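None of these values were measured; they are calculated from a predicted model. Chain identifiers are assigned alphabetically (A, B, ...) following the order of the sequence lines, protein sequences preceding nucleic acid strands; residue numbering begins at 1 within each chain.
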Amino acid sequence: MSEIKNIISGCLKGDRRDQELLYRRHAARLYAVCLQYSGNDEEARDILQEGFIKIFENLANYKYEGSFEGWIRRIIVNTALEKYRARHNLYRVDDIDDIPELDADPDNEDYSGLQAVDLLEIIRELPPKYRMVFNLFAIEGYSHKEISKMVNISEGTSKSNLSRARAILQRRVGSYTGHKKKLLNG
Amino acid sequence: MDDRGVNIDIVFRNGLKDYEVLPPQDVWSNIQPVIRKKQRPLVILRAAATFAVIVSLGIVAYKYSMEISSNLENPVIALNPESVAPSQILAYVNRADNEISQNQQLYSRTSLQGNQVVTPVNTSNIIATVRDFESDPGSGKLADNTARSAGPLALNYGKTGYIDIKEENSLDALDNTSRKQLNRWSISALLSPTYQSRFSSGENEAVSQAMSSEQMVVSYSGGVTLAYKISKRFSIQSGFYYSSIGKELSGISAYSGFEQFFYTKGNPTFEVLTSNGTVLTNNTDIFLTDGLSADRIRTDYNINIFDAEKAGLTYLDNSIRQSFNYLELPVILRYKIVDKALDFNIIGGLSSNLLVNNSVYASKGGSRKDIGTTDGMNLITFSSSLGMGMEYNFSNNLSLNLEPTFRYYINPFNDIPGMRIHPYSFGVFSGISYKF
């Protein structure tokens, strides 16, 4: 039996050591995902907490098909999505109609100076609606059709939100790299 | 825009692909109780089932003893007229419930040199062979058919009766087997799994928090005792018991392989606050980190300074165990409340307990890695015990014992500032006794 099967088996028997081991192995990676889907640390912590409770509750349903990492990540993303849906009415999409698209060609932009922590900060600054669509499309790989059902919006809105998210990200990545260059050049 | 969009997607996808951020320490401590609570019904169910089994066994044992006693207490005594002591009473079983009134006082009548002596007979442990009788305590006359009656006879007397028989060979054969001997000494070997917990009073916030992450584990206690029967019902007992008491400190992850790192950064000692005192590590190869609380471990190596996973240390366990072994010298008093084939005793006593082993360890795959010791443990503690003993006698010399016992530690294992913590335990001792 593989190590992960051993750990899952222990968790299903209620072995606290295996439960904590499973948590510690995946918590850091999944917390980064939670931060990616949330605007503040408290929300990210809630997603991680609720997500892990679901993971433990649903472990018996894991069929060892596909990677375990992928399975638990989907649970975390779904938890983030549920939280988003619950708070949807509370979110106000910023008026970004006037956000200009950048002239810079991203293909020629040098993003090498951007660290993961910078990217995370940038993505978290997105309005929730755009952040959610961008994450689901660009990071998780869902189609607009799937996203429309998940977020309960039309495909057109999904595309539009993605487009706006990208525009904001490009602008912020650009300003970020520009700012960094300035810092480096003194 | 599409290509540029795709490009920005890739920047974020690749940039965040393997990114990790350590979550706040308290997340796991919030998850743990929820998933444990969901499992608790099963634990309660098991405990209830165990309790039900013990109670059922107790009831069955009690009913069985009552059945035996009702058989024995049904009337009838046969006496050997040549005997000079009740111990020579012979035995037999017969019942004629419809004609024999219960709880009758029976007397033995001995005849010595023409003088008849009437003595009350204790019927509790006697099986009697009966012949017919007709007598009056005053007259001392026996029925004419006393010696001639064959087989068991139903007795019919409404008042105190006297029984007499002629000595018969067939009864002599029973004499040796049914005679009750009084063995004053007995040696017993007993063993019990014990469940430990504690009573606590006073306030110490740090210790109270530490206690919430501690689980008592099932321990064991066993030993050999020698008992002396002071009277028919009282006996005093002493001997040696060896007991193990354990406690699991949850949420503290232990890693090995730390030796190659510690010397560069400082003192490798870890201090872990527990309700039994402070654990001090003495194994420099062990690294400890607490996933539940930031206050329980004092060390130069907190999680911001040293990451065991990234350093590639070998993960051992996510809890460590405190283990204490005691040599106990009990002085126990027993009072027999039911004296039948299945005896019932009330047991009470005091023990002085000498700490003979104090260790803290982590285990992985059945192997145990010593970490250190608990500082400041009291070398001698005293405990009181109260229990109910059931003793099934196989023969005059051998018996099987079952003794549910509650034990309370009079003084704490360690002196905790602001708090008094008195452990207690419950165990069901079982074993055998040899009487001589």
### Message
Counting only non-hydrogen atoms closer than 4.5 Å, can you tell me which residues of residues 25-34 of chain A sit against chain B?
### Response
A27(A), A28(A), R29(A), Y31(A), A32(A)

### Task
Spell out the residues in residues 142-150 of chain A that have some non-hydrogen atom less than 4.5 Å away from a non-hydrogen atom of chain B, in order of number; otherwise answer 'none'.
none

### Message
Counting heavy-atom pairs under 4.5 Å with chain A, which one of S253(B), P24(B), S319(B) comes out on top?
### Response
P24(B)

### Task
Could you check whether the rings of F134(A) and F12(B) sit parallel, tilted or perpendicular, using 30° and 60° as the cut-offs?
perpendicular

### Query
Got a donor-acceptor contact below 3.5 angstrom from the R45(A) side chain to the V27(B) backbone?
no

### Query
Hey, does Y19(B) have a side-chain heavy atom less than 4.5 Å from the side chain of L119(A)?
no

### Query
Counting heavy-atom pairs under 4.5 Å to chain B, which of D41(A), V117(A), L162(A) comes out on top?
V117(A)

Donor-acceptor pairs under 3.5 angstrom involving side-chain atoms of residues 363-373 of chain B: please list them, not counting sequence neighbours.
from, atom 1, to, atom 2, distance (Å)
K364(B), NZ, Y315(B), O, 3.2
S367(B), OG, K364(B), O, 2.9
R368(B), NH2, S359(B), OG, 3.2

Can you tell me how far apart [atom1] ([X]) and [atom2] ([Y]) are? Round to the nearest 0.5 Å.
X: I8(B); Y: Q170(A); atom1: CD1; atom2: CD; answer: 5.0 Å
X: D18(A); Y: N318(B); atom1: CG; atom2: CG; answer: 8.0 Å
X: S29(B); Y: Q49(A); atom1: OG; atom2: CD; answer: 8.0 Å

### Query
Can L16(B) and Q36(A) be said to form a side-chain contact (heavy atoms from CB on, under 4.5 Å), step by step?
CA-CA 9 Å; L16(B) 293 170; Q36(A) 202 176 300; 3.8 Å; yes

### Neighbour count >12 (heavy atoms, 6.0 Å) for atom CG, N40(A)
yes

### Query
Step by step, would you call V11(B) with V173(A) a side-chain contact (heavy atoms from CB on, under 4.5 Å)?
CA-CA 10 Å; V11(B) 169; V173(A) 164; 5.6 Å; no

### Query
Closest approach of I31(B) and L48(A), non-hydrogen atoms and distance?
CD1-O, 4.4 Å

### Task
Please identify each residue that fulfils ring-ring contact (aromatic ring centres under 6.0 Å, His included) with Y37(A), with sequence neighbours left out.
none

